[in-house]
Amino acid sequence: MHGNETVTQVIFGLDPLWASTGLLALTYATIMTERVNRAIVALIGAGLMISLGVLNQELAIRGIDFNTIALLIGMMLIVAITRKSGVFQYVAIWSAKLANANPAGILLLLTVVTALFSSLLDNVTTVLLVAPVTLLITEELKVPPYPFLFAEIFASNIGGTATLIGDPPNIIIGSAANLSFNDFVLNLTPVILIVLLVQVVIGHMLWGRKMHASPEAKARVMGLSEREAITDVRLMKQALFVLGLVILAFVLARFIHMEPGTIAIFGAALLLLLDNFGHPAEEQTHRVIHAFNEVEWITIFFFCGLFIVVAGVEHAGLLRLLAEQLLAATGGDLSVTVLTVLWASAFLSAIVDNIPFVATMIPLIKSMAPNFGGTEGLLPLWWALSLGACLGGNGTLIGASANLTVAGIGDRAGVPFRFFTYLKLALPMMLVSVAISHVYIWLRYLH
Amino acid sequence: MDCQTMMTASPHALRGTDTVRAAINAMLEHRVSALPVLDGEGRYLGVVSVPGLFGLALPRVVRATTAMRDLAFLHEALPDIKRRLAENADAPVTAILQVDAPLLKADTSLIEAMLYFYRGHSMLPVVDPVSKKLLGVVTRVAALKLLAERL
């Protein structure tokens, strides 16, 4: 909280609390309409937060979590360079052949591969890598692609929950609460493995066991050459080396005294160096520009704007007020508060973008520290927030960016994704995953 | 100088109900790489081109995303590719109708048409903006002939 610092004059003598709350609500509402690009909305919201006098520029810039921004940019660069090598297509084709082109086996393996990729890469990137190969394999097998794409949406959101770098909400939570890569692995990966297993079983019961492919179709898939999916062996080796190094550094972050943002940007710079080494200066310029163009600047500016909007309401005292209300409603009981955060996060994240939601919840949860014995006491709340926000995104077609990305690819490939058709199956499955998380949190932290 | 100078009036055109097979035959017969498609009343609907037809011979995912940078791993030969095209041969041409091709008016300048050719279009329809009727087409070969005169 910046409550004790000098507040600039809010124009027209408006109450800063009301002005900032109104701006936050307006920003959220406009983001939800999807009529204006979300980066524009967040930056306009941030601009207004400063123009109205709720924040000055210094406070606004201080509100931006540059560790999160650096981690996102660094990982986006590493993935953008790595994907050029074709290694992700290699793994997807290899999985299909490992299953002997059996549709049920492919469904299982692609679900697991998606979850694994997603735990290390951004969810949208993961589905952009896996969904096209999936469409190709299902077309060759002549089996319906919908179950595969549906399972991949779920797996991307589930897998992303497992690690610090798997999903943007975790990146923000980890940075704000000073939680390491290992903290996420030790606390979230066990429950995510259970959730994933349940999803795999449901997928098999619903679709996998009923799908069959002709011997000719299977032969076509077995005829795919995963080795030829690798378009640049040298780059693949360099990229896997750097990716391995970056993950090792995440694991050892506490010992080497480096923040995730530094590790990711350093890794990206190293991979850029390896990828450009020996090329003429002019060509290097083109290659670096190409790599930088692959960064999703909309997401980055959206985060920057959003951090400032949230800093505004935090500065004005809204989040402290909401925390007090929440504590009053839960009677200050840790278990009730944790489970309320879990379920509320899940339902809200199924409807609204989980990034602004988590960005708003973080300072709110932080302000509860005195009630729960300091920052250590907040740990179950962080895990509840992460599990709720990340898994909740599976509940509706608009719940997470990966869902809309797959739906978009599916629509263009003649595999329509309808809001209610998706909801009918996705919502119960999401509730099952949150119920598993509920039991896990209760047994591990609250019992 | 406007594009009317090099326009072919009354070009061969397809109907929206024509099949992909009919489009292939017409393109081969008239030795063109794109044809305009009209509705029953002669109003312009879009363009069908060779790249669009080739898209039907490729896996569906190629038409859905730009993610497939390479298809070497598919190991397909001519019969496989023909099989895929044959599966789509009786579909109406509207399945591959390109509706965002740039439209010219009779008085569109030559330099603007040249820009579209430079950007990869092989044929540009000239359409009356009010009645939406097709007035003719301008091809890049016609443009090249015009440029080559007394060069």
Side-chain angles (χ1 to χ4, degrees), chain A residues 79-80 83-94 96-97 124-142 144-145 148-149 216-217 219-232 235 294 405-417, chain B residues 16-21 23-24 34 37 45-101 118-120:
Chain A
V79 172
R83 71 191 293 180
K84 285 195 298 178
S85 70
V87 65
F88 299 111
Q89 278 185 359
Y90 174 95
V91 177
I93 296 170
W94 173 81
K97 290 175 74 172
V124 172
T125 309
T126 303
V127 294
L128 279 175
L129 295 168
V130 180
V133 195
T134 304
L135 282 170
L136 193 119
I137 291 169
T138 51
E139 189 178 339
E140 294 291 309
L141 278 177
K142 296 198 182 302
F148 292 81
L149 295 178
E216 299 79 41
R220 277 201 295 275
V221 171
M222 293 309 284
L224 297 175
S225 166
E226 66 272 31
R227 293 185 76 84
E228 286 185 58
I230 304 286
T231 50
D232 189 336
L235 177 62
E294 296 279 312
T405 305
V406 173
I409 295 174
D411 281 340
R412 286 194 297 278
V415 189
F417 271 75
Chain B
T17 48
D18 285 341
T19 62
V20 166
R21 194 189 306 277
I24 296 172
V37 181
L45 292 176
V47 168
V48 165
S49 66
V50 169
L53 292 168
F54 283 1
L56 293 178
L58 292 168
R60 206 161 43 174
V61 63
V62 173
R63 306 198 292 278
T65 78
T66 52
M68 288 288 158
R69 302 153 82 103
D70 195 314
L71 287 177
F73 60 86
L74 263 178
H75 276 209
E76 286 196 355
L78 183 63
D80 302 302
I81 301 168
K82 283 186 78 168
R83 172 185 50 80
R84 208 177 277 113
L85 184 61
E87 284 170 4
N88 293 293
D90 294 319
V93 285
T94 45
I96 48 165
L97 194 66
Q98 204 185 324
V99 290
D100 56 355
Y118 168 72
R119 288 181 177 160

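Throughout, protein chains are lettered first and strands after them, A, B, ... in sequence-line order, and every chain is numbered starting at 1.
With a threshold of 4.5 angstrom between heavy atoms, A:I409 approaches chain B through its backbone and through its side chain. Looking at A:I230, neither its backbone nor its side chain comes within 4.5 Å of chain B, counting heavy atoms on both sides. Residue A:V133 touches chain B through both its backbone and its side chain, counting heavy-atom pairs closer than 4.5 Å.
Formation of a donor-acceptor pair under 3.5 Å by the B:R21 side chain with backbone atoms of B:A89 is not found in this model.
Taken to the nearest 0.5 Å, the CZ atom of A:F148 stands 8.0 Å off from the OG1 atom of A:T134. Once rounded to the nearest 0.5 Å, the distance linking CG of B:L56 with CD1 of B:I81 reads 13.5 Å.
Using a cutoff of 4.0 Å between basic side-chain nitrogens and carboxylate oxygens, A:R220 and A:E216 are not scored as salt-bridged.
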